[in-house]
Number of protein chains: 2
Amino acid sequence: MRPLFHPALEDIRPEAILYALSDPERVAIFAKLATAGCGGTCSALADLGDRVIPKSSLSNHFKVLRESGLIRSERQGVEMRNQTRCAELDERFPGLIRSILVAYGQFPGQLETMSR
Amino acid sequence: MRPLFHPALEDIRPEAILYALSDPERVAIFAKLATAGCGGTCSALADLGDRVIPKSSLSNHFKVLRESGLIRSERQGVEMRNQTRCAELDERFPGLIRSILVAYGQFPGQLETMSR
DNA sequence: ATCAACAGTTCCGAATTTCTGAACTATGGA
DNA sequence: TCCATAGTTCAGAAATTCGGAACTGTTGAT
């Protein structure tokens, strides 16, 4: 398996963020990860209730989120742990992620990693 | 020519907004329109400095912006007048447009049509 | 009325991108 | 070693995007 690419904070591009979050499935995954109810594994994030996402599609969603700079993924044993980069992102793009999640009605209450 | 479709405020979808603004050319057009230095016509907005956008592509960009709910277009004689729907949009998606333009480094100083 | 010029739209084929089933890889446990 | 599990990669089909060429609608001139 190829090493996973994560852009440096300064290389994160707004168009990539917006593109990644222009897909409701990816937003749902990202929001779920932001609320962090689950452990952050792909399979735990796969269940969005409304449909079964094929695992190759799911893998691709994570790739898009990762390479846009929205999440970090790290292999832990047989699983993959994912976490958002909200705190960093809010530094670089103040208010952006928050207002997007709010627009989608997905803002997870008090998200302590993000300034208000 | 078919009548131009404009979604009602309540029908505007965040994914459409993000998709529309995930293209730097469209953002440049939208930002230029938001600053309103020009008259709002397509051809006036076409010149982004870096390249000549083919007019069919330009027309398509306006269509995407319009149908996502970001702008209103209205025929005025032989030309098309375009204006942003920033004020309405900010009501529906507070802070969203502003933070996107800021992220792109395109926030046009004091944009009076948008709350802060 | 006819014509030409102009602003923008529509059409349609080529190129690119997305989607997903199937095959594959990597890790851990029995 | 062999199997199960979690996720990635591959590859072909489907969908989307791009842009040149043709078209539409409006204005102004003759």
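Naming: A, B, ... by sequence-line order, numbering from 1 per chain. Quick caveat: nothing in here was measured; it's all calculated off a predicted structure.
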Peer 1: Does some side-chain heavy atom of B/M80 sit less than 4.5 Å from a side-chain heavy atom of B/E74?
Peer 2: no

Peer 1: For the pair B/S68 (side chain) and B/V64 (backbone), establish whether a donor and an acceptor sit closer than 3.5 Å, ignoring hydrogens and angles.
Peer 2: yes

Peer 1: Starting at CZ of A/R81 and ending at C1' of D/dG7, how long is that distance when rounded to a whole Å?
Peer 2: 14 Å

Peer 1: Could you check B/V78 against A/R75 and say which one's nearest nucleotide on DNA chain C is further toward the 5' end?
Peer 2: B/V78

Peer 1: Going by atom types alone, do B/S22 and A/S22 pair a side-chain donor with an acceptor below 3.5 Å?
Peer 2: no

Peer 1: Using atom CD1 of A/I71 as one end and atom C1' of D/dG7 as the other, report the distance to the nearest whole Å.
Peer 2: 13 Å

Peer 1: Would you indicate which nucleotide in C/dT20, D/dA6, D/dT17 comes nearest to any side-chain atom of A/E79?
Peer 2: D/dA6

Peer 1: Quick check for you: among D/dT8, D/dA22, D/dT17, whose closest atom lies nearest to any side-chain atom of A/M80?
Peer 2: D/dT8

Peer 1: Is the phosphate of C/dT20, meaning OP1 or OP2, less than 4.0 Å from a side-chain N or O of A/S57?
Peer 2: yes

Peer 1: For B/Y19 and D/dT16, give me the distance from atom OH to atom C1', rounded to whole Å.
Peer 2: 7 Å

Peer 1: Looking at every strand, decide which applies to A/R26 at a 4.0 Å heavy-atom threshold: base, sugar-phosphate, or nothing.
Peer 2: nothing

Peer 1: Mind calculating the distance between CG (B/L58) and C1' (C/dT9) to the nearest angstrom?
Peer 2: 11 Å

Peer 1: Can you tell me how far C1' of D/dG7 sits from CD of A/Q76, to the nearest Å?
Peer 2: 15 Å

Peer 1: Tell me whether the side-chain N/O atoms of A/R51 come closer than 4.0 Å to OP1 or OP2 in C/dT20.
Peer 2: yes

Peer 1: To the nearest Å, give me how far apart CD1 (B/I53) and C1' (D/dG20) are.
Peer 2: 16 Å

Peer 1: Could you tell me whether the side chain of B/I100 reaches within less than 4.5 Å of the side chain of B/L18, counting heavy atoms only?
Peer 2: yes

Peer 1: Under 4.0 Å between a side-chain N or O of A/S59 and OP1 or OP2 of D/dT8?
Peer 2: yes

Peer 1: Let me spell it out: for each of B/K55 and B/H61, pick the nucleotide of DNA chain D with the closest heavy atom. Which residue's pick is nearer the 5' end?
Peer 2: B/H61

Peer 1: With a sphere of 6.0 Å drawn around CZ of A/R92, does it hold more than 12 non-hydrogen atoms of other residues, nucleotides or ligands?
Peer 2: yes

Peer 1: Of the listed nucleotides (D/dG7, C/dT20, C/dT10), which one gets closest to any side-chain atom of A/P54?
Peer 2: C/dT20

